[in-house]
Participant: 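Structure provided below as structure tokens; questions to follow.
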Amino acid sequence: MKMKAEGVRKIWDRYKYAVLVVLIGAGLLLWPSGGSGPGGKLLSSGEDRAEQPELQTQLEDILSTISGVGQVRVMLTVDSDGERQLAQDTELKYSGPTASPEDYSRRSETVLVKGGTGAETVTVRRIYPTYRGALIVCQGGDRAEVRLAVTEAVAALTGLTTDRVTVAKWQ
């Protein structure tokens with residue numbers, strides 16, 4: 001029995017660092033992250049998540065001013081959250097001939113500029129959220145002209161097709 005324990009201890013002493021690296025790697029893979037895309041260049045913005053309720057509130061405010069709508073509540077469902085691509089300062093170094101370098105390294109840093117409130121990132125491209133559907137509940141939802149006006153307004157503001165917008169009567 002003592003011989004078996006020594007064998008296990010010997011194996012543990014030899015591979016403990018490899019096991020530790022594998023466990024840390026697995027933990028990092030399972031850790032939730034805010035970034036997506038290669039190298040974390042495309043980031044899901046916390047601002048984008050905050051914009052959805054803000055857009056719903058703005059829609060409620062503007063739709064309530066349409067004749068006959070009355071009180072209104074809006075719910076939007078998203079297919080994909082918005083993303084933004086940040087400017088990167090990339091440096092590529094290589095050794096050997098240009099046609100077939102022997103070794104190369106690449107380093108990228110996110111570009112920061114000084115703003116009024118401190119350092120800010122530079123957004124190169126922004127992808128706005130894609131909406132899946134909209135539900136609008138309003139007091140005038142039982143009248144055809146109100147449903148049409150609300151459906152057209154929501155379709156124009158969100159990019160949804162009219163078959164993905166539902167208008168219902170408020171109880």
Side-chain angles (χ1 to χ4, degrees), residues 20-92 105-171:
L20 183 63
V21 168
V22 169
L23 289 175
I24 290 172
L28 289 174
L29 286 173
L30 296 174
W31 192 274
S33 69
S36 66
K41 286 184 184 176
L42 288 178
L43 299 175
S44 180
S45 170
E47 296 168 0
D48 296 331
R49 288 188 205 104
E51 285 176 7
Q52 186 183 356
E54 183 180 320
L55 178 61
Q56 289 179 177
T57 304
Q58 289 175 339
L59 276 172
E60 289 172 358
D61 291 344
I62 197 71
L63 292 175
S64 66
T65 62
I66 296 174
S67 176
V69 172
Q71 280 189 318
V72 64
R73 292 286 308 269
V74 174
M75 181 176 177
L76 296 172
T77 55
V78 290
D79 232 355
S80 66
D81 286 340
E83 296 176 339
R84 58 189 182 126
Q85 185 175 10
L86 302 179
Q88 297 285 317
D89 183 15
T90 304
E91 182 181 338
L92 182 63
S105 65
R106 181 179 183 165
R107 186 178 63 90
S108 292
E109 290 182 10
T110 302
V111 175
L112 298 174
V113 294
K114 290 185 180 180
T117 60
E120 297 176 4
T121 59
V122 177
T123 302
V124 175
R125 184 177 71 163
R126 184 168 179 168
I127 301 169
Y128 288 93
T130 305
Y131 295 101
R132 177 173 291 199
L135 172 63
I136 294 86
V137 180
C138 61
Q139 289 177 326
D142 58 337
R143 298 193 350 247
E145 66 272 9
V146 170
R147 281 196 313 267
L148 178 63
V150 168
T151 301
E152 288 178 341
V154 171
L157 293 171
T158 61
L160 288 168
T161 57
T162 55
D163 64 321
R164 295 194 174 261
V165 178
T166 300
V167 179
K169 180 170 175 36
W170 188 294
Q171 270 187 309

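Every heavy atom of this structure was used, including side-chain atoms; hydrogens, water molecules and symmetry mates were not. Here the structure is a predicted model, which means the values were calculated and not measured.
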Participant: First locate atom OG1 of Thr77, then atom OH of Tyr131, and finally report the distance between them rounded to the nearest 0.5 Å.
Facilitator: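 Going from OG1 on Thr77 over to OH on Tyr131, the span is 10.0 Å.
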Participant: Within the structure provided, determine whether Leu59 and Ile136 are in side-chain contact (heavy-atom separation under 4.5 Å).
Facilitator: no
Participant: Do you know the tightest heavy-atom contact between Leu63 and Val74?
Facilitator: CD1-CG2, 3.9 Å
Participant: On a heavy-atom basis, which atom in Val167 and which in Gly141 lie closest, and how many Å separate them?
Facilitator: CG1-CA, 4.2 Å
Participant: Taking the side chain as every heavy atom from C-beta outward, state whether Glu109 and Arg107 have any atom pair closer than 4.5 Å.
Facilitator: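 Side-chain contact under 4.5 Å: yes.
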Participant: Atom CG in Leu55, atom CD1 in Ile62: separation rounded to 0.5 Å?
Facilitator: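 Going from CG on Leu55 over to CD1 on Ile62, the span is 11.5 Å.
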Participant: Under a 4.5 Å cut-off applied to non-hydrogen side-chain atoms, are Cys138 and Val146 in contact?
Facilitator: yes
Participant: Give the table of side-chain donor-acceptor pairs shorter than 3.5 Å for residues 149-156, with sequence neighbours excluded, one pair per line with atom names and distance.
Facilitator:
| unit_1 | atom_1 | unit_2 | atom_2 | d |
| --- | --- | --- | --- | --- |
| Thr151 | OG1 | Arg147 | O | 2.7 |

Participant: Do Leu76 and Val78 come within less than 4.5 Å of each other through their side chains, counting heavy atoms only?
Facilitator: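 Side-chain contact under 4.5 Å: no.
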Participant: Could you give all pairs that pass the side chain to side chain donor-acceptor pair (under 3.5 Å) test and reach residues 159-171, with sequence neighbours left out?
Facilitator: Thr161-Asp163
Participant: Assess whether atom CG of Leu160 is packed by more than 12 heavy atoms of other residues, nucleotides or ligands within 6.0 Å.
Facilitator: yes
